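Just so it is clear, the structure is predicted and the values come from calculations on it, not from any experiment.
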Amino acid sequence: MPAYLIADVKVTDDAWVPDYAARVHEIAARHGARYLSRSGNVDTLEGTPLGGTLVALIEFPSKEAARAFAADPEYLPFGEARKAGSISNFHLIDDTDLAGAIPYLPKG
């Protein structure tokens with residue numbers, strides 16, 4: 001079942017960004033991931049703005065694959081650099097419909 005990593009990142013020190021941006025997508029791809037977006041163009045339609053500098057949406061083949069990416073020894077130094085130079089919130093969701101009313105989504 002597909003899973004989606006939503007990364008809401010507010011950069012506080014951009015020293016980590018060039019290496020992270022150049023290398024992390026390759027590490028994620030080895031876990032079956034595909035970036036759907038990595039953008040700073042965030043418009044809030046309702047509610048409180050996220051407050052991040054950028055939001056990334058990454059599709060993984062499963063939650064297990066996303067967790068394996070996050071724990072990958074090659075990713076760890078990049079993750080540590082990101083955490084040191086940003087305020088980051090990573091959220092993982094699946095492709096289910098909690099209400100079960102959308103016919104093309106599995107009931108969650």
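With Thr96 contributing its side chain and Leu98 its backbone, the two residues share no donor-acceptor pair below 3.5 Å.
Using a 4.5 Å heavy-atom threshold, the side chains of Ser37 and Val55 count as separate. Contact check for His91 versus Leu5: no side-chain heavy atoms found under the 4.5 Å cut-off. Looking at Ile87 and Thr12, their side chains come closer than 4.5 Å, going by heavy atoms from C-beta outward. The shortest side-chain heavy-atom distance between Pro18 and Tyr20 does not fall under the 4.5 Å cut-off. Residues Ile58 and Arg34 are not in side-chain contact: their nearest non-hydrogen atoms beyond the backbone lie 4.5 Å or more apart. Residues Leu57 and Tyr35 form no side-chain contact, since every pair of their non-hydrogen atoms from C-beta on lies 4.5 Å or further apart.
A continuous path of hydrophobic side-chain contacts links Phe78 to Val11 [ILVMFWY only; heavy atoms under 4.5 Å]. Phe60 and Leu36 are members of different hydrophobic clusters when ILVMFWY side chains are connected at heavy-atom separations under 4.5 Å.
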Give the C-alpha distance, both sets of side-chain angles, the deciding distance and a yes or no for side-chain contact (heavy atoms from CB on, under 4.5 Å) between Met1 and Asp95.
CA-CA 7 Å; Met1 168 180 309; Asp95 70 342; 3.1 Å; yes
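Ser62 contributes atom OG, which lies 9.0 Å from atom CG of Leu92 (distance to the nearest 0.5 angstrom). In this structure, Asp8 CG and Ile6 CD1 are separated by 9.5 Å, a value rounded to the nearest 0.5 Å.
When Thr53, Leu50, Asn89, Leu54 are each tested for a side-chain contact (heavy atoms from CB on, under 4.5 Å) with Lys10, only one passes: Thr53.
Asp72 meets the side chain to side chain contact (heavy atoms under 4.5 Å, CB included) test with Ile27, His31, Glu74, Tyr75; sequence neighbours excluded.
In this structure, Val42 and Ser39 approach most closely via the heavy-atom pair CG2-O, 4.2 Å. Nearest heavy-atom pair, Pro61 versus Ala33, reported as atom, atom and distance to 0.1 Å: CD-N, 4.4 Å.
Figure legend: cation-pi geometry between Arg82 and Phe90, with NZ or CZ positioned under 6.0 Å from the six-membered ring centre and within 45° of its axis.
A donor and an acceptor atom, one from each side chain of Ser88 and Ser86, are located under 3.5 Å apart.
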